[in-house]
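Note on naming: letters A, B, ... go to the chains in the order of the sequence lines (proteins, then strands), and numbering restarts at 1 for each one. Every heavy atom of this structure was used, including side-chain atoms; hydrogens, water molecules and symmetry mates were not.
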Amino acid sequence: MRIVTWNVNSLAVRMERVTEWIELFSPDVLCLQETKLGNDAFAHDVFEELGYESAHHGQGQWNGVAIISKVGLDDVRPDFDDGRGEPDPDARILWATCGGVRIASCYVPNGRSLDDDHYTYKLDWLDRLAADLDTNTSPADDLCIVGDFNIAPDDRDVYDPAGMIDMTHTSQAERDKLANLADWGITDLFRQHHDEAGLYSWWDYRNGDFHKRRGMRIDLLLGSASVADRTHRTFVDRNARKGKQPSDHAPVVADLR
DNA sequence: ATGGTAGCGCTGCTA
């Protein structure tokens, strides 16, 4: 079973690239972020023609997350269910069960800067994710929480760690939130198979950063122990960042037995 | 070198 996360930075612009990628890589479950679509504009029929069911949680202009599956799409639920009784103001998380695995497609807030309200929102958002997991799932379940976390887990995941101290994506507080999730029972599947630095999933459009290999690894697949045990291969498809009108993110793939 | 690119949508915000 192949599970993929990909921040497409506008599905309207990227639709042809996404369908071509699906035909090349045949994911079982493809989780998208930053569709930037309203729910009415999401082309379920295009994915259906390729043999996939799809669910979308969007708001238009910004954000928007989707799950596209050819191994079932059950118990679909947008947003948080963490007992707080107040919806996320943004469309940033969508849950579904696919092929027996409880999956979430997440677009974690960027944070902007450490003194910005958006950074407070980011830390709170990660607490809500943890509370939702604790409320509705168990670490003993088959879980795969994926998406654009906007956090580089450690300094191997940043091209210039010395130049990025006290910035969003690398600050200790947000890395601690990721560590809390790991302590609860979902871990970074990519790091099971790769120790080296410089394996990024996002590169800024500016300054030719992709070609200079200046990026960050911020797109993650977090799996429970059972999913981690089944994962035999993980990789980033850097080729998807090349050519005409790429997203600034590349797809990250986990293959499960 | 305090810029640069991309997307949304129409002016400046977001990333």
P atom, B/dG3 versus B/dC13: distance in rounded Å?
16 Å
For atom P, what is the distance between B/dC10 and B/dT5, given to the nearest Å?
23 Å
List, by chain and number, the other hydrophobic cluster members for A/L133, where Ile, Leu, Val, Met, Phe, Trp and Tyr join if side-chain heavy atoms come within less than 4.5 Å, directly or indirectly.
A/F80, A/I93, A/W95, A/V108, A/Y121, A/W125, A/L126, A/L129, A/L143, A/I145, A/F149, A/I151, A/L178, A/L181, A/W184, A/I186, A/L220, A/L222
Taking salt bridge (charged side-chain N to carboxylate O under 4.0 Å, His left out) as the test, write out the residues that go with A/D248, two or more places apart.
none
List the residues meeting salt bridge (charged side-chain N to carboxylate O under 4.0 Å, His left out) with A/R128, not counting sequence neighbours, and say none if there are none.
A/D82
What is the separation between atom CG on A/N7 and atom C1' on B/dA15, rounded to the nearest whole Å?
9 Å
Of all heavy-atom pairs between A/R217 and A/P153, which one has the smallest distance, and what is that distance?
O-CD, 3.4 Å
For B/dT11 versus B/dA1, give the span between their P atoms, rounded off to a whole number of Å.
35 Å
Using the P atom as the point on both nucleotides, what is the distance between B/dG9 and B/dA15, in whole Å?
15 Å
Under 4.0 angstrom, heavy atoms only, what part of the nucleic acid is A/Y107 near: base, sugar-phosphate, or nothing?
sugar-phosphate
Taking the same atom, C1', in B/dT2 and in B/dC8, what whole-Å distance lies between them?
26 Å
Under 3.5 Å, side-chain donor or acceptor atoms of residues 21-30 of chain A against the rest of the protein: list the pairs with distances, not counting sequence neighbours.
residue, atom, partner, partner atom, Å
A/W21, NE1, A/D237, OD2, 2.8
A/D28, OD2, A/R2, N, 2.7

Qualifying residues under salt bridge (charged side-chain N to carboxylate O under 4.0 Å, His left out), relative to A/K70, sequence neighbours excluded:
none
Protein-to-nucleotide contact annotation, 5' to 3' order, nucleotides 3-13 of chain B [B base; S sugar-phosphate only; - none; under 4.0 Å, heavy atom]:
-BBSSSS----
